Amino acid sequence: MNAPAERTVRHFLDIADFDAVTLQALIAEARRRKQARAGLPHGVADSDRPLDGRVLAMIFDKQSTRTRISFDVAMRQLGGTTIMLTGSEMQLAREETIADTARVISRYVDAVMIRLLDHEMVLDLAANATVPVINGLTKLSHPCQVLADLVTFEEHKGPIKGRLVAWSGDSNNTLASWVHAAVRLGFSLRVASPPELSARPALREWVKANGGDVRFGDDPQKAVAGAECVISDAWVSMGDEDSTKRHNLLKAYQVNSRLMSGAAKDAIFMHCLPAHRGEEVTDEVIDGPQSVVWDEAENRLHAQKAILKWCLGKS
Ligand code: CP
Ligand code: NVA
C-alpha cells in the first residue's frame, strides 16, 4: 500500500485561495481566542485544547523570530506539540526531493508549516503531502502574516471591507498577500513602489482577472492620501541582493511623520517586523501613537491558532 485514500487536505498556502466568508471566520476565530485568554500566562493552555495529541512539524529554511515562536506557542496552547526542523539539517539539503519529503513527513505528523523562499517547492510539498501544509513565507507571499494584519486592522478600526489601506515600499511577498486580501475582502489598496521594484506582472494580472480596487503606482504621497492604515516592510527581503542602488531607489518611500501626515488623521501604522529603523520607517512613526506593530506581532499568535484549527478540521 502506498498512498492513503484520497481526501481533501486543508492547506493554507495563500490568502488568494480563500473566499471572504472563510477569511472573516478565521479573523473572528483569532479575535475570539485572543479575548478568551486575556491575562493568562503564556504557558497556560486554552480552555478547550482542540489540538490535543496533534503534532506540527515546522521547517525553516530561513530565519524567523515571530513565525517560529508564535506557531510553537499556538500549538502548545491548543494542546498540541511541535517539531522544529531546519532545511539544512534534513535530507532535503542532500537532494531528497520535496515530494518524497512530503510523503514521508505526512506519515509522522498532522500538519507541516514551512518557510522556504521557493514558492513552487512549497506548492510541490502541498501537492504531495497528505496532511495540511502552511506557507510560513515564500518569496511570493506571506499569508499568515497578512491574516494577523487583518485581525489587527479590524481590532483597531472595525470591519476592513470598503476601507482604504496604503503600502509604501518594495513590492514584496507581504504586499502580495495584502493584494490578495484587498481583492478577496473588498477593501481599497493603494501601492507606491519605485518602478524598478514594482509588483510582478503575474500579481497585476491576478488583480485584473479577479477585480477589486487595487492601484499600483510610484507616488507615496498619493498612495497614503486619506488612508486609514499605512504599511511598510523591509527594503531588502530575505533572498534579495542588498545594494546601495536598492536603498537609493526606496529612500523616497520611507514612512516618516511627513508621509503619515498625509494619511487619515487617525490612521494606524503597520509593519510585519523585523523593522529596519531609519530605512523603511523612522523611530518616530514606529514608536509613535499611530503604530500598532506590537499588537500586530502579538496577533500572529492568535491568527496562527485560527489557521491551525482550520487546517486540522477543527473549525
Ligand atoms: N513577520 C515575520 O514573519 O517575522 P519573522 O521573520 O520573525 O517570523
Ligand atoms: N518581506 C520580508 C518579511 C520578513 C518577515 C522578507 O521576506 O524578508
Side-chain angles (χ1 to χ4, degrees), residues 12-15 30 56-75 82 84-87 112-122 134-153 167-181 189 191-194 197-200 203 229-243 246-247 249-250 253-255 268-277 279-281 286 291-308:
F12 189 84
L13 298 173
D14 262 317
I15 298 281
L56 172 73
M58 298 198 274
I59 305 173
F60 283 96
D61 201 44
K62 284 285 162 194
Q63 296 84 347
S64 169
T65 297
R66 282 143 287 268
T67 306
R68 175 179 172 148
I69 301 172
S70 58
F71 265 111
D72 196 347
V73 174
M75 274 307 279
T82 57
M84 182 71 68
L85 302 156
T86 61
V112 182
M113 196 285 306
I114 184 161
R115 170 167 289 191
L116 185 64
L117 294 186
D118 188 330
H119 193 84
E120 288 303 317
M121 276 180 82
V122 174
I134 299 169
N135 170 5
L137 179 148
T138 69
K139 202 71 197 120
L140 297 192
S141 60
H142 197 1
C144 299
Q145 176 66 53
V146 171
L147 185 70
D149 294 353
L150 296 167
V151 169
T152 311
F153 183 99
W167 174 279
S168 182
D170 182 29
S171 301
N172 63 16
N173 41 12
T174 311
L175 170 68
S177 293
W178 267 102
V179 168
H180 294 154
L189 181 64
V191 180
S193 304
L197 298 170
S198 65
R200 291 180 317 117
L203 185 64
C229 174
V230 177
I231 314 162
S232 73
D233 189 7
W235 287 348
V236 184
S237 283
M238 291 181 277
D240 287 338
E241 197 192 330
D242 189 354
S243 66
R246 193 177 182 95
H247 284 256
L249 285 173
L250 283 155
Y253 296 83
Q254 181 187 69
V255 179
I268 54 173
F269 169 74
M270 285 211 255
H271 188 306
C272 68
L273 306 176
H276 307 80
R277 291 161 176 264
E279 294 189 5
E280 73 271 8
V281 63
I286 197 168
S291 171
V292 297
V293 300
W294 314 120
D295 289 342
E296 187 183 354
E298 177 186 336
N299 288 337
R300 294 296 306 275
L301 171 65
H302 310 296
Q304 317 302 32
K305 289 182 181 175
I307 294 166
L308 287 162

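Note that ligands are numbered from 1 as they come in the structure, with each ligand's atoms numbered from 1 the same way. Note that the coordinates shown come from a computational prediction; the quantities given were computed from them, not determined experimentally. Reckoned from all heavy atoms, side chains included, excluding hydrogens, waters and symmetry mates.
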Next on the checklist: Check whether Ser171 reaches the backbone of Ala199 with its side chain - one donor and one acceptor, N or O, closer than 3.5 Å.
Outcome noted: yes

Salt-bridge present (Asp240, Arg246; N to O < 4.0 Å)
yes

Ligand 1 atoms nearer than 4.0 angstrom to some heavy atom of Arg66 are 1 (N), 2 (C), 4 (O), 5 (P), 7 (O), 8 (O)

Leu273 heavy atoms within 4.0 Å reach ligand 2 at atoms 5 (C)

Rounded to the nearest 0.5 angstrom, the NE2-OG distance for His142 and Ser177 is 8.0 Å

Smallest heavy-atom separation, Ser193 atom then Asp170 atom, equals OG-C, 4.1 Å

Ligand 1 to Arg300, heavy atom cutoff 4.0 Å, flagged ligand atoms 1 (N), 2 (C), 3 (O)

Heavy-atom contact check, 4.0 Å cutoff: does His142 meet ligand 1? yes

**Item:** Heavy-atom donor-acceptor pair, Arg115 side chain to Gln63 backbone, under 3.5 Å
**Value:** yes

Within 4.0 Å of some non-hydrogen atom of Asn173, the atoms of ligand 2 are 1 (N), 2 (C), 6 (C), 7 (O)

- Query: Would you say Arg115 touches ligand 1, if touching means a heavy atom closer than 4.0 Å?
  - Reply: yes

Ranked by distance from atom 4 (C) of ligand 2, the top protein heavy atom is Leu137 CD1, 4.0 Å

Quick note on ligand 1: atoms under 4.0 Å from a heavy atom of Thr65 include exactly 5 (P), 7 (O), 8 (O)

Practice prompt. May I ask you to check if ligand 1 and Cys272 share an N or O to N or O distance below 3.5 Å?
Written response: yes

In this structure, atom 2 (C) of ligand 2 is nearest to the protein heavy atom Ser237 OG, 3.3 Å

* Whether Glu296 side chain and His271 backbone form a donor-acceptor pair below 3.5 Å -> yes

For Gln145, the atoms of ligand 1 under 4.0 Å from one of its heavy atoms are 1 (N), 2 (C), 3 (O)

Paired with Ser70, the side-chain hydrogen bond (donor to acceptor under 3.5 Å, both in side chains) test is passed by just one of Gln304, Arg300, Lys305, namely Gln304

Below 3.5 angstrom, do we get any N/O pair linking Arg115 and ligand 2?
no

The atoms of ligand 2 lying under 4.0 Å from a heavy atom of Met238, numbered in the order shown, are 6 (C), 7 (O), 8 (O)

Closest heavy-atom pair, Gly87 versus Ile59, reported as atoms and distance to 0.1 Å, is N-CG2, 4.2 Å

So, regarding Val236 and ligand 2 (criterion: nitrogen or oxygen to nitrogen or oxygen, under 3.5 Å), is there a contact or not? no

Fill in: Flag, side chain of Asn299 to backbone of Asp295, donor-acceptor distance under 3.5 Å
yes

With heavy atoms and a 4.0 Å threshold, my read on which part of Leu273 contacts ligand 1 is backbone

Under 4.0 Å between heavy atoms, the region of Ala234 that gets near ligand 2 turns out to be neither

ring-ring contact (aromatic ring centres under 6.0 Å, His included) filter on His276, not counting sequence neighbours, yields none

Asn172 heavy atoms within 4.0 Å reach ligand 2 at atoms 1 (N)

**Asked** Hey, does the side chain of Asn172 reach the backbone of Leu175 with a donor-acceptor pair shorter than 3.5 angstrom?
**Response** yes

